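Have a look at the structure below before the remarks.
We count residues from 1, following the sequence as given. Every value quoted in this text rests on a predicted model; they were computed, and no experiment measured them. Heavy atoms only: backbone and side chains are in, while hydrogens, waters and symmetry mates are out.
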Amino acid sequence: QVQLVESGGGLVEAGGSLRLSCAASGTIFRINSMGWYRQAPGKQRELVAAIIKGSTLYGDSVRGRFTISGDNAKNTIHLQMNNLKPEDTAVYYCNANGRTTLFRDFGSWGQGTQVTVSS
């Protein structure tokens, strides 16, 4: 099993910043991709940012404001969110895909962390 635990969500004022973290644990041999998705009430889950095969990918609505980074040794990613807007309010989910030490593919989701941005 591979588990993902998110942290860092909270309530901030518009224009403020938050830093989310996601740590993967378990029988991990290799992580091929890891990223953040978010879902607001009544909306589809959307890509926020991801690291895939060494490259970064950002959703259009956050590009230029958010930065994703990873620590390969710790199987951890971070999402630095700056200049937050009320539209960023959502539950943010961490996702990881890769291979276990038994050489089986895995795909895991975290439990989600709430980010609320007030105007």
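- Linking ILVMFWY side-chain heavy atoms closer than 4.5 Å, directly or via other members, places Leu47 and Val91 in a single hydrophobic cluster.
- The side-chain heavy atoms of Cys22 and Met34, taken from C-beta on, include a pair separated by under 4.5 Å.
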Item to complete: Please assess Leu84 against Leu18 for the test side-chain contact (heavy atoms from CB on, under 4.5 Å), listing each intermediate value before the final yes or no.
Response: CA-CA 8 Å; Leu84 283 161; Leu18 282 174; 4.1 Å; yes
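- With Arg30 contributing its side chain and Gly98 its backbone, the two residues share no donor-acceptor pair below 3.5 Å.
- Thr116 and Gln114 form a side-chain donor-acceptor contact under 3.5 Å, judged by distance and modelled atom types alone.
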Practice prompt. Please assess Thr27 against Leu102 for the test side-chain contact (heavy atoms from CB on, under 4.5 Å), listing each intermediate value before the final yes or no.
Written response: CA-CA 8 Å; Thr27 56; Leu102 295 178; 5.9 Å; no
Practice prompt. Test Ile31 against Asn97 for side-chain contact (heavy atoms from CB on, under 4.5 Å), laying out the working first.
Written response: CA-CA 6 Å; Ile31 294 177; Asn97 295 272; over 6 Å; no
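- Residues Ser61 and Glu46 come closest through the heavy atom pair OG-OE2, 4.3 Å.
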Practice prompt. For Gln80 and Ser17, run side-chain contact (heavy atoms from CB on, under 4.5 Å): C-alpha distance rounded to whole Å, both residues' side-chain angles, the deciding distance at 0.1 Å, then the answer.
Written response: CA-CA 7 Å; Gln80 180 65 45; Ser17 298; 4.0 Å; yes
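- To the nearest 0.5 Å, atom CZ of residue Arg65 and atom CG of residue Asn82 are 9.0 Å apart.
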Identify all side-chain donor-acceptor contacts of residues 67-74 below 3.5 Å with residues at least two apart in sequence or on another chain.
from: Asp71; atom 1: OD1; to: Ala73; atom 2: N; distance (Å): 3.2
from: Asp71; atom 1: OD1; to: Lys74; atom 2: N; distance (Å): 3.4

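- Across all non-hydrogen atoms, the minimal contact from Leu4 to Ala24 is CD2-CB, 3.3 Å.
- The stretch residues 12-68 participates, sequence neighbours left out, in these ring pair (Phe, Tyr, Trp, His ring centres under 6.0 Å) pairs: Phe29-Phe103, Tyr37-Trp109.
- Leu20 has its side chain within reach of Val115: a pair of non-hydrogen atoms, C-beta onward, lies under 4.5 Å apart.
- How far CD1 of Ile28 is from CD of Gln3: 8.0 Å, rounded to the nearest 0.5 Å.
- Note that Arg38 lies outside the cation-pi zone of Tyr93, set by a 6.0 Å cut-off to the ring centre and a 45° limit from the axis.
- A donor-acceptor pair under 3.5 Å is formed between the side chain of Glu6 and the backbone N or O of Cys94.
- When every heavy atom of Ala14 is checked against every heavy atom of Ser119, the shortest pair comes out as CB-CA, 4.3 Å.
- A 4.5 Å side-chain heavy-atom check between Ile52 and Asn32 finds every atom pair outside the cut-off.
- Looking only at side-chain heavy atoms (C-beta outward), Arg19 and His78 come within less than 4.5 Å of each other.
- A search for salt bridge (Lys or Arg N to Asp or Glu O under 4.0 Å) contacts involving Arg63 returns Asp60, not counting sequence neighbours.
- Two residues are said to be in side-chain contact when any heavy atoms from C-beta on lie closer than 4.5 Å; Met81 and Asp88 fail this criterion.
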